[in-house]
Number of protein chains: 2
Amino acid sequence: MQEGTISIPGHREVTAPAQSRPRGDVYAANCPTRQLLDRIADKWSTLILMLLAAEDMRFNALKRRIQGVSQKMLSQTLRSLERDGLVSRSVEPTVPVTVTYAITPLGRGLFGSLSAMIEWAETCMIEVTAAQRAYDLKQASAG
Amino acid sequence: MQEGTISIPGHREVTAPAQSRPRGDVYAANCPTRQLLDRIADKWSTLILMLLAAEDMRFNALKRRIQGVSQKMLSQTLRSLERDGLVSRSVEPTVPVTVTYAITPLGRGLFGSLSAMIEWAETCMIEVTAAQRAYDLKQASAG
DNA sequence: CTGCATCCGCAATGATACTG
DNA sequence: CAGTATCATTGCGGATGCAG
């Protein structure tokens, strides 16, 4: 951990202490864009964002919907997303408390790119699977 | 590891033994699309694909260009990408051997969605950073 | 109900050394 | 140059328990 870092547990720091050249090079290790890319490239972030783009949801609703996520990771991811301003969290002071998550305008912007990706994934899944099988066969025979 | 799984090291299996319902639910743990999504959502895959979309590259050229990647991860990711049919690998039998990586048509399809995402990331980075700062401040005072 | 804190195993990653 | 093999470490992610 360096100076500018914060303590979000699930947040992998890229060692970016006061980067001086913010623009242009996504391939530089300390580029802030890459940090963002890492967040986007998170296993759960994508799924959450997709869900929230459709409708606001409660914590447990999300958890039920996204199979395989633990509350820890869900909570963690949600907090990261909130911190990035992609998701908003609103608390109604009922008893017990009611927490609702929603996508922000900023998040909705990202959602556009994301959905294109998902769509691609669903479309090309067949081809990819075929490629994998071919590759595996070749490996098995070649050694 | 289950039956259908293979031994690519960097490949996190989602326990998908002969999934029966391939379509529709990206949120199901065993959905093949999600496997693909995980691949896409890889830290290095994105970067590599972006680079190769611009031009064919050699191994070390990639390594030099992508700061912070270890040969191990680069090699690993490259192999995954090749297995998925997104990247092609060609070997010229020179001495020493010359290996060139290129993006495939399939990979280029994905590249479209990807570049939209990168573009978004670069555009909205400022806003996200601002949101982060605001969040952190709020935490610091309220926390 | 909605979380946060803690412990902990294991997979993923990185550093280093070695091969062709 | 283009990797593979080995070893050390990290921190993800799951399970559990507790709090508001």
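In the text below, chain A, chain B and the rest are named by the order of the sequence lines, each starting its count at 1.
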Taken to the nearest whole Å, CD/B/Gln139 to P/C/dG3 is 13 Å
Bend of the helix from C/dC1-D/dG20 to C/dG20-D/dC1 from end-axis comparison, five pairs per end, nearest 10°, comes to 40°
Nearest to the side chain of B/Arg89 - C/dG14, D/dC1, D/dG3?
D/dG3
Using only side-chain N and O atoms of B/Tyr101, determine if any of them is under 4.0 Å from OP1 or OP2 of D/dC1.
no
Which is more 5' along DNA chain D, the nucleotide nearest A/Trp44 or the one nearest A/Pro96? Just name the residue.
A/Trp44
Using every non-hydrogen atom in the two residues, find where A/Ile103 and A/Leu49 come nearest and quote the distance to one decimal.
CD1-O, 4.0 Å
For B/Val91, run the side chain to side chain contact (heavy atoms under 4.5 Å, CB included) check against B/Thr100, B/Val97, B/Thr98 and tell me which one passes.
B/Val97
Would you indicate which nucleotide in D/dA2, C/dG3, C/dT13 comes nearest to any side-chain atom of B/Val99?
D/dA2
Residue pair B/Thr104 / B/Ser88: nearest heavy atoms and the distance that separates them:
CG2-N, 3.7 Å
Nearest whole angstrom, please: distance from the C1' of D/dG14 to the NZ of A/Lys63.
10 Å
Do the side-chain N or O atoms of B/Arg58 get closer than 4.0 angstrom to the phosphate oxygens (OP1, OP2) of D/dA2?
yes
Would you say that A/Leu62 contacts A/Arg58 through its side chain, given a criterion of any heavy-atom pair below 4.5 Å between the two side chains?
no
Separation of A/Gln67 atom CD from D/dG14 atom C1', in whole Å?
16 Å
Under 4.0 angstrom between A/Arg79 side-chain N/O and C/dC4 OP1 or OP2:
yes
Using whole Å, report how far CG of B/Leu78 lies from P of D/dT4.
10 Å
For A/Lys72, does its backbone N or O pair with a side-chain atom of A/Ser75 as donor and acceptor, under 3.5 Å?
no
Side chain of B/Asp42, backbone of B/Ser45: donor and acceptor closer than 3.5 Å?
yes
Go through C/dA15, C/dC1, D/dG14 for me and flag the one nearest to the B/Ser70 side chain.
C/dA15
Could you check how far CZ of B/Arg64 sits from P of D/dC1, rounded to whole Å?
6 Å
If I take atom NZ in residue A/Lys72 and atom P in nucleotide D/dG17, what distance separates them, rounded to the nearest angstrom?
16 Å
Roughly, in whole Å, what's the span from CG in A/Asp42 to P in C/dA12?
15 Å
B/Tyr101 side chain near B/Val99 side chain, heavy-atom distance below 4.5 Å
yes
Nucleotide nearest B/Gln71 when distance is taken to its side chain, options D/dA2, C/dG3, C/dA17
C/dA17
Quick note, B/Ser75 side chain, CB onward, closest among C/dT6, D/dG3, C/dG3 is D/dG3
Roughly, in whole Å, what's the span from CG in A/Leu74 to C1' in D/dC12?
15 Å
